[in-house]
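Please read the structure below before turning to the comments.
These numbers were taken from a predicted model, which means no experiment stands behind them.
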Amino acid sequence: MSARIDFNCDLGEGCGNDAAILPHVTSASIACGGHAGDEATMRETLRLCREHGVAAGAHPSYEDREHFGRRVLEVDPPEVARMVREQIERLRSIAREEGVVLAHVKPHGALYNVAADDRAVAEAIATTIASIDPTLALYALSGSVLVQAGLDRGLHVAHEVFAERGYDARGRLRPRGTPGAVIESLDESIAQVRGLALRGEVVADDGRTVSLNADTLCLHGDRHDAPQFARALRAALVADGVAVQPFGAAR
């Protein structure tokens with residue numbers, strides 16, 4: 001069977017690149033007020049998704065705009081559930097007005113990484129999504145606790161891998177600010193993407209090869225060269241015969 005993958009990007013974060021990125025991706029995770037975004041940016045990003053036929057999803061986070069949602073906050077699971085619910089509902093309401101049906105939810109930043117290993121936080125997120133709309137897919141770090149929490153709640157779960165983030169030997173993302181956490185070279189990113197999409201594997205920081213399921217590939221939209229990366233990565237996938245399509249199209 002031919003390889004296929006969803007190509008997603010985190011958007012609506014005020015970085016100014018969305019319109020140049022969207023023609024090259026198949027799904028967008030839209031900031032909904034926690035770490036970035038407001039009604040105007042949510043509405044504009046949803047309209048761009050509709051224009052380009054890109055599947056739209058919610059990108060909830062810790063409520064921490066000062067640190068772009070990349071700092072862990074000491075909040076309990078019920079508070080996580082509240083934040084996630086409010087942010088999804090905020091975007092969902094605007095999406096209805098724009099005639100867009102949300103397809104997925106993907107936690108952002110520190111919340112995403114905490115949910116990869118903290119069962120209580122992962123269950124709070126998955127339970128909240130299922131209570132809002134059980135047809136929403138959950139995008140979760142491949143091999144993480146959040147994947148299992150979503151499956152346990154009956155959600156469609158997309159195992160997510162990353163185009164330009166470094167991995168450790170556990171298959172977790174290397175912490176930002178550490179050497180090799182962010183891949184700056186396009187050639188290195190393309191090589192990693194090919195390994196993930198075609199072989200389901202990535203080379204970790206210690207040189208080990210780690211096997212990962214790869215349903216959806218993420219590119220961070222806040223990097224300054226995101227449009228160039230999006231264009232080149234999509235071209236590389238197509239050249240390798242990988243079918244690039246929204247996650248929902250594969251179900």
| said: Using a 6.0 Å distance limit plus a 45 degree cone around the ring axis, check whether Arg234 lies over the aromatic ring of Phe7. | reply: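 No cation-pi geometry.
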Indicate yes or no: at least one non-hydrogen side-chain atom of [X] is less than 4.5 angstrom from one of [Y].
X	Y	result
Gln87	Leu91	no
Leu138	Arg153	no
Phe68	Glu13	yes
Met42	Glu98	no
Val202	Val161	no
Leu111	Met83	no
Glu123	Pro77	no

| said: Quick one about Ser27 and Asn8 (side-chain donor to acceptor, distance below 3.5 Å, no hydrogens or angles considered), yes or no? | reply: no
| So, Ser142 and Asn213: side-chain donor and acceptor under 3.5 Å apart, yes or no? |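 There is no such pair (donor and acceptor under 3.5 Å, judged by atom type) between the side chains of Ser142 and Asn213.
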| request: Show your reasoning for whether side-chain contact (heavy atoms from CB on, under 4.5 Å) applies to Arg174 and Asp205. | output: CA-CA 8 Å; Arg174 301 180 69 183; Asp205 55 357; 3.4 Å; yes
In terms of side-chain geometry, is the basic nitrogen of [X] or [Y] positioned less than 4.0 Å from the acidic oxygen of its partner?
X	Y	answer
Glu39	Arg90	no
Glu51	Arg47	no
Glu66	Arg71	no

| task | Work out which heavy atom in Asp18 is nearest to a heavy atom in Leu48; give both atom names and the distance. | result |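 Closest approach of Asp18 to Leu48: CB-CD1, 4.3 Å.
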| task | For the pair His104 and Tyr139, name the ring-plane relationship: parallel under 30°, tilted 30 to 60°, perpendicular over 60°. | result |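 Ring orientation, 0 to 90° scale: parallel.
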| message | Would you say Leu136 ends up clustered with Leu146 if hydrophobic residues are merged whenever their side chains have heavy atoms under 4.5 Å apart, either directly or through other cluster members? | response | yes
Show me the side-chain donor-acceptor pairs of residues 190-200 shorter than 3.5 Å, one per line, residues at least two apart or across chains.
{"residue": "Gln192", "atom": "NE2", "partner": "Phe162", "partner atom": "O", "Å": "2.9"}
{"residue": "Gln192", "atom": "NE2", "partner": "Arg165", "partner atom": "O", "Å": "2.9"}
{"residue": "Arg194", "atom": "NE", "partner": "Asp240", "partner atom": "OD2", "Å": "2.7"}
{"residue": "Arg199", "atom": "NE", "partner": "Glu201", "partner atom": "OE2", "Å": "3.1"}

